[in-house]
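In this text the structure is predicted, and so the values were computed from the model without any measurement. Every heavy atom of this structure was used, including side-chain atoms; hydrogens, water molecules and symmetry mates were not. Proteins get letters first, then strands, A, B, ... in listed order; numbering begins at 1 in each.
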2 protein chains.
Amino acid sequence: MIDHNIFADGTAARQGVADYSVLALSLGFRVRRAQLAILQDFQDVLGDQGIRQADFSVLSVIAGNSGMKQSDVAEALAIQRANFVAIVDGLEKKGLIERRRSEVDRRVYFLHLTEAGTAFLAQLMPKWREHEEKFIGRLGGSDKRDQLIEMLRSISD
Amino acid sequence: MIDHNIFADGTAARQGVADYSVLALSLGFRVRRAQLAILQDFQDVLGDQGIRQADFSVLSVIAGNSGMKQSDVAEALAIQRANFVAIVDGLEKKGLIERRRSEVDRRVYFLHLTEAGTAFLAQLMPKWREHEEKFIGRLGGSDKRDQLIEMLRSISD
DNA sequence: TATTGTTATACTCTATAACTATA
DNA sequence: TATAGTTATAGAGTATAACAATA
């Protein structure tokens with residue numbers, strides 16, 4: 001059941017003011033709040049590694065698909081290719097990934113993790129899993145997490 | 001069940017490349033994508049009304065709680081009070097809301113909808129509901145929506 | 001001393017157009 | 001002509017510090 005208090009502590013109800021039903025039931029509002037909470041925790045847990053959410057997502061995609069085209073990685077992450085350049089530059093400058101020019105089509109770059117990048121990501125994973133587990137715990141288990149992922153996917157597909 | 005394709009059309013699987021399991025199961029990634037999709041649709045449906053998500057949320061909170069303190073509205077919406085000033089300025093300049101100084105504590109402003117603001121919001125609501133219904137439909141009904149809201153709330157509480 | 005609203009400012013993220021080199 | 005990557009730039013959104021008025 002959904003109640004109509006916007007405040008976690010029920011402030012609105014205790015004060016006897018009108019409800020916030022429109023906002024409390026708003027998917028846009030709730031998704032935004034959740035995104036903020038997850039981003040905040042990511043930065044708390046992994047921020048001192050000098051890595052942002054976007055950096056992590058790039059590393060993990062390349063780890064799973066070594067040699068993927070730069071523009072395909074950008075598209076997979078819903079990042080515009082113009083904005084993706086700086087991200088790739090940063091990761092390359094840190095020695096975590098490298099661009100390799102295609103011999104067949106000299107316009108394209110394939111992205112690969114370096115050894116340092118592979119080691120760095122491996123070292124990151126336990127902290128990232130801890131970060132994810134925090135929210136799986138709040139949700140009430142990985143079955144709930146799977147349900148949530150499925151619902152979120154249906155929203156953005 | 002969750003599959004591991006990052007692409008809606010199953011591209012990764014068809015190409016036989018490695019999976020994206022880390023990312024595909026990442027709450028941070030999926031929530032971000034959903035937020036982007038909802039924001040995009042909000043702008044498509046309501047952008048020509050000269051109103052942003054934040055503006056709409058302010059109007060609907062004030063509509064439900066006339067005379068709420070400016071800083072309390074900001075806190076309810078997780079907007080910092082410094083950044084909230086420009087939003088309130090904008091809505092006031094459009095004649096949709098007004099600040100009324102408290103007689104008891106002359107530091108605080110109470111926020112009220114004007115008549116024009118009430119009418120504007122009333123006119124907005126059908127379009128906003130259409131926007132929300134689009135995603136309720138994708139989710140498979142309002143029971144699913146309630147489940148999702150509840151899960152998202154557990155994440156950000 | 002503390003709080004409300006405010007200003008100023010900087011930083012990140014995102015969006016768009018145009019360029020280059022290749023195809 | 002079209003595409004991959006790039007540059008430049010502008011606009012949002014967000015974060016922080018400091019100030020004036022008031023408590």
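Using a 4.5 Å heavy-atom cutoff, the side chains of B/R52 and B/I87 are in contact.
Contact annotation: side chain of B/R107 to base of C/dT3, donor-acceptor pair present below 3.5 Å. Below the 3.5 angstrom threshold, one finds a donor paired with an acceptor across the side chain of A/N83 and the base of C/dA15.
Mapping B/V104 and B/A78 onto DNA chain D by nearest heavy atom places B/A78 at the nucleotide closer to the 5' end. Position along DNA chain C of the nearest nucleotide to A/R106 versus A/A54 favours A/A54 as the more 5'-ward residue.
Summarising the geometry, the separation between CD1 on B/I51 and P on D/dA12 is reported as 15 Å, rounded to the nearest angstrom. Separating the CD atom of A/E103 from the P atom of C/dT22 is a distance of 13 Å, rounded to the nearest angstrom. Between A/D89 atom CG and D/dA8 atom C1' the separation is 14 Å, expressed in whole Å. For the pair B/F84 CZ and C/dA8 P, the interatomic distance rounds to 20 Å; values are reported in whole Å. For B/Q43 and C/dC13, the CD to C1' distance is 13 Å, given to the nearest whole Å. Atom CG of B/D105 is separated from atom P of C/dT3 by 12 Å (rounded to the nearest Å). Taking atom CZ of residue A/F42 and atom C1' of nucleotide C/dT12, one finds them 15 Å apart after rounding to whole Å. The nearest whole Å value for the distance from the CZ atom in A/R101 to the C1' atom in D/dA4 is 10 Å.
Dashed line: the shortest gap from a side-chain N or O of B/R32 to OP1 or OP2 of C/dT14 is under 4.0 Å. Under 4.0 angstrom from either OP1 or OP2 of D/dA15 there lies at least one side-chain N or O belonging to B/Q80. Residue A/R52 places at least one side-chain N or O closer than 4.0 Å to OP1 or OP2 of C/dC13. For the pair A/Q53 and C/dC13, the criterion of a side-chain N or O lying under 4.0 Å from OP1 or OP2 is not met. In this structure, A/R99 reaches the D/dT6 phosphate: one of its side-chain N or O atoms is under 4.0 Å from OP1 or OP2.
Side-chain proximity of A/V108 to D/dT22, D/dG5, C/dT7: nearest is D/dG5.
At a threshold of 4.0 angstrom between heavy atoms, the contacts of B/A82 include nucleobase atoms, whether or not backbone atoms are also involved.
For the salt bridge (charged side-chain N to carboxylate O under 4.0 Å, His left out) test, no residue two or more places apart in sequence or in another chain qualifies with A/K144.
Rounding to the nearest 0.5 Å gives a distance of 9.0 Å between CD1 of A/I62 and CD of A/Q70.
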* Under the salt bridge (Lys or Arg N to Asp or Glu O under 4.0 Å) rule, what do A/R33 and B/D157 come out as? Steps first, then yes or no, please. => CA-CA 9 Å; A/R33 293 291 291 264; B/D157 275 357; over 6 Å; no
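Ring planes of A/H131 and A/F42: perpendicular class, angle over 60° (limits at 30 and 60°).
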